[in-house]
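In what follows, every heavy atom counts, from backbone to side chain, and hydrogens, waters and symmetry copies are set aside.
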Amino acid sequence: MVGTSFSALAVDQQGRVWVGGNDGLFVFDGNGWTNPNPELTWISVLAVDAQGRILVGTHTEGLAVYDGSRWTQYVQELPDYQVLSLAADQTGKIWAGLFRGKVVTFDGADWMVYDSTNSPIPPAPIYALAVDRSGTVWIGTNDRLITFDGTDWQVYTAADLGGQPGAIRQILPDEAGRIWVATSGGLMCFDGSTWTRYTSRNTGLPRAHVEAIARDADGQLWLSVGSTLRFLTGCSGSLFTLPLRTMQK
């Protein structure tokens, strides 16, 4: 693994850590590292669905799914083999965001493609995907957020988000129904009615570019911003304590 550049991370239901990068896919079981599928390289994104399947998106080889005993790879089924983002809903339907501005769904039998011809999705890379607790799908591109509840679409533009937030890097719904969005221009939070934006100007963030976000078992929010910050969650500034702890890379 020496010299590998990692770009994807996930933890499965057994507590194993999966990491992916330009040299392939690796998993740590608490004792050591293994490469579970040497044929996969240039990993772009990882996700774990409600069934415990490992979803692997790549830059060159489409989508791979591991069900615990067997790998299945999908390349020809995709209109674009560069998978940038992944999510899965509670029914097991897989959502994949592609480089050329398409979102593909797969329910185990049928494929569906959403793009600018049948939805508000622009012809731009789909950098982020998430499914919230109500089943609504959140889609992030360079300059906007789009939601789809299975029937209706909604688009949040830069103006809706309180100014140009920058490219969407990651979307994280939480148990309280809030939506957290990591962008190259700061951290966004949506409480169901209002968007709040946090940057280096109005918080203790060392810089505005937020690369990734995650929540731990205590409900703390962790941000990758060149260093890692943990702080109390809430869409109201009065609920924030920032930072509680900073860890340099």
Side-chain angles (χ1 to χ4, degrees), residues 9-10 45-50 55 84-91 93-97 103 105 114 119-122 124-199 202-203 205 208-225 229-242:
L9 175 68
V45 61
L46 293 167
V48 180
D49 71 7
L55 313 179
L84 300 184
S85 52
L86 286 170
D89 62 26
Q90 289 300 312
T91 69
K93 179 184 288 186
I94 298 171
W95 294 75
V103 173
T105 70
Y114 298 102
S119 77
I121 296 173
I126 309 299
Y127 289 117
L129 276 173
V131 181
D132 67 22
R133 63 179 184 172
S134 70
T136 296
V137 180
W138 292 75
I139 302 164
T141 70
N142 271 326
D143 61 355
R144 71 194 70 180
L145 275 169
I146 302 164
T147 66
F148 181 52
D149 64 6
T151 302
D152 298 319
W153 297 86
Q154 183 170 356
V155 178
Y156 296 98
T157 64
D160 299 318
L161 301 176
Q164 183 63 40
I168 308 300
R169 298 301 183 190
Q170 189 176 349
I171 305 167
L172 178 68
D174 70 14
E175 294 80 2
R178 296 173 297 227
I179 306 297
W180 299 89
V181 183
T183 82
S184 59
L187 174 69
M188 307 293 301
C189 182
F190 183 59
D191 64 6
S193 60
T194 303
W195 285 98
T196 304
R197 183 181 178 189
Y198 300 96
T199 70
N202 62 359
T203 72
L205 287 171
H209 187 121
V210 180
E211 299 164 355
I213 48 178
R215 285 171 61 85
D216 64 21
D218 297 324
Q220 305 291 314
L221 197 69
W222 292 80
L223 282 73
S224 174
V225 284
L229 297 167
R230 185 180 74 175
F231 55 90
L232 296 174
T233 59
C235 281
S236 168
S238 63
L239 297 180
F240 265 81
T241 301
L242 176 66

Engineer: Starting at OG1 of Thr105, measure out to OH of Tyr114 and round the result to the nearest 0.5 Å.
Structural biologist: 5.0 Å
Engineer: Hey, can you tell me if Trp138 and Tyr156 have their rings parallel, tilted or perpendicular (30° and 60° cut-offs)?
Structural biologist: parallel
Engineer: Return the minimal non-hydrogen interatomic distance between Ala47 and Leu86, and the atom names on each side.
Structural biologist: CB-CB, 4.1 Å
Engineer: Looking at every non-hydrogen atom in both residues, tell me the closest pair between Ala50 and Gln90 and how far apart they are.
Structural biologist: CB-OE1, 3.8 Å
Engineer: Ignoring hydrogens, what is the shortest heavy-atom contact between Ala10 and Val48? Give both atom names and the distance.
Structural biologist: CB-CG2, 4.1 Å
Engineer: Closest heavy-atom contact between Arg144 and Val155?
Structural biologist: CD-CG1, 4.1 Å
Engineer: If you define the side chain from C-beta out and look only at heavy atoms, does anything of Trp153 sit under 4.5 Å from Ile121?
Structural biologist: yes
Engineer: Are Lys93 and Asp89 ion-paired here, with the side-chain N under 4.0 Å from a carboxylate O?
Structural biologist: no
Engineer: Is there a side-chain contact between Asp149 and Thr147 in this structure, where contact means two heavy atoms from C-beta onward sitting under 4.5 Å apart?
Structural biologist: no
Engineer: For the atom pair OG1 (Thr183) and CG (Asn142), what is the distance rounded to the nearest 0.5 Å?
Structural biologist: 11.5 Å
Engineer: Identify, with sequence neighbours excluded, every residue that meets salt bridge (charged side-chain N to carboxylate O under 4.0 Å, His left out) alongside Asp49.
Structural biologist: Arg53
Engineer: So, do Phe190 and Ile171 sit near enough that their side-chain heavy atoms are less than 4.5 Å apart?
Structural biologist: no
Engineer: I need the Asp132 CG to Asp174 CG distance, nearest 0.5 Å.
Structural biologist: 10.0 Å
Engineer: If you take all heavy atoms of Leu129 and Ala96, which pair is closest and at what distance?
Structural biologist: CD1-C, 3.5 Å
Engineer: Say you draw a straight line from SG of Cys189 to CG of Leu172; how long is it, rounded to the nearest 0.5 Å?
Structural biologist: 10.0 Å
Engineer: Can you name the closest pair of heavy atoms from Leu145 and Gly140 and give their distance?
Structural biologist: CD2-CA, 4.0 Å
Engineer: So, the side chain of Arg133 versus the backbone of Pro173: is there a donor-acceptor pair under 3.5 Å, distance only?
Structural biologist: no
Engineer: To the closest 0.5 Å, what do you measure between CG (Leu55) and CH2 (Trp95)?
Structural biologist: 14.0 Å
Engineer: How far does CG of Asp152 sit from OG1 of Thr136, to the nearest 0.5 angstrom?
Structural biologist: 10.0 Å
